[in-house]
Amino acid sequence: MKQFIAHITVVVSNYDEAIQFYTEKLNFDLIEDTLINENKRWVLVRPKGSSECSLLLAKAVGEEQQQRIGRQTGGRVFLFLRTDDFWRDYHAMRNRNIEFVREPKAESYGTVAVFKDPFGNLWDLLG
């Protein structure tokens, strides 16, 4: 038996803003952007070279979901982006004005820095 996580939902306030950040700032691929109805789209992005898990960018509906934008994990790091070249990607992300809230640090598991997406979600960049 083989199983894998296909998608992880990231609640966002605006589809187009989210697509722009993930494709232009993080250099992810836009896998799908399908209109479901006038208020809902099926939007999938994932890092280049990745083939299984993708992010489902879901626009918040209603007050409760809007309050969860950027706080899906209560202020903890939410997502982890592993790279084959930490310093290349760290410098490229800084040049694209991605906000780092913790500078690079050597840990037993590799080099790590924490950045924030425009919705407030915290990410680890891992090398």
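Note that this is a predicted model, so its numbers are computed, not measured.
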Determine whether Leu55 and Ile19 fall in the same hydrophobic cluster, where Ile, Leu, Val, Met, Phe, Trp and Tyr are linked whenever their side-chain heavy atoms lie under 4.5 Å apart. yes
Do Phe119 and Ser13 touch side chain to side chain, with heavy atoms closer than 4.5 Å? yes
For Lys48, I'd like to know if atom NZ has over 12 heavy atoms of other residues, nucleotides or ligands within 6.0 Å. yes
Between Asn39 and Lys59, is any pair of side-chain heavy atoms under 4.5 Å apart? no
Measure the CD1-CZ distance between Ile98 and Arg96 for me, rounded to the nearest 0.5 Å. 6.5 Å
Quick one: pull up CD in Gln67 and CD in Glu64 and give me the separation to the nearest 0.5 Å. 7.5 Å
Would you tabulate the side-chain donor-acceptor contacts of residues 69-82 under 3.5 Å, counting partners in other chains and residues two or more places apart, or write 'none'?
from	atom 1	to	atom 2	distance (Å)
Gln72	OE1	Val11	N	2.7
Gln72	NE2	Thr9	O	3.2
Thr73	OG1	Arg76	O	2.7

Common cluster, Ile8/Trp123, ILVMFWY with side-chain heavy-atom separation under 4.5 Å: yes
Exercise: identify the closest heavy-atom pair between Lys116 and Phe21: O-CZ, 4.5 Å
With a 3.5 Å cut-off and no angle check, do the side chains of Tyr90 and Glu103 form a donor-acceptor pair? yes
Are more than 12 heavy atoms, taken from residues, nucleotides or ligands other than Arg102, located less than 6.0 Å from that residue's CZ atom? no
Applying salt bridge (charged side-chain N to carboxylate O under 4.0 Å, His left out) as the test, list every pair that has at least one member in residues 1-25; sequence neighbours left out. Lys2-Glu52, Asp16-Arg41
Side-chain contact, heavy-atom cut-off 4.5 Å: Phe100 with Arg94? yes
Contact check, side chains of Trp42 and Leu44, non-hydrogen atoms, under 4.5 Å: yes
I'd like to know if the side chain of Tyr22 pairs up with that of Asp117 as donor and acceptor (distance under 3.5 Å, no hydrogens or angles considered). yes
Taking every heavy atom of Phe86 against every heavy atom of Leu125, the minimum-distance pair comes out as CE1-O, 3.4 Å
Output for pair (Ile5 CD1, Ser54 OG), nearest 0.5 Å, gives 11.0 Å
Considering all heavy atoms of both residues, which atom of Tyr15 and which atom of Lys40 are nearest to each other, and what is their separation? OH-CA, 3.6 Å
Are Leu126 and Val101 connected into the same hydrophobic cluster when the rule is that any two of I, L, V, M, F, W, Y join if their side-chain heavy atoms are below 4.5 Å apart? yes
Would the distance check show the side chain of Ser50 and the main-chain N or O of Arg46 forming a donor-acceptor pair, the cut-off being under 3.5 Å? no
Tell me the closest heavy-atom pair linking Val10 and Asn121, and the distance in Å. CG1-ND2, 3.6 Å
One should read off an interatomic distance between Asp29 CG and Ser51 OG, to the nearest 0.5 angstrom, of 11.5 Å
Would you say Leu26 and Phe115 make side-chain contact, with heavy atoms under 4.5 Å? yes
Met93 side chain reached by Asn27 side chain, heavy atoms, under 4.5 Å: no
Between Leu56 and Ile36, is there shared hydrophobic-cluster membership here, with clusters defined by ILVMFWY side-chain heavy atoms closer than 4.5 Å? yes
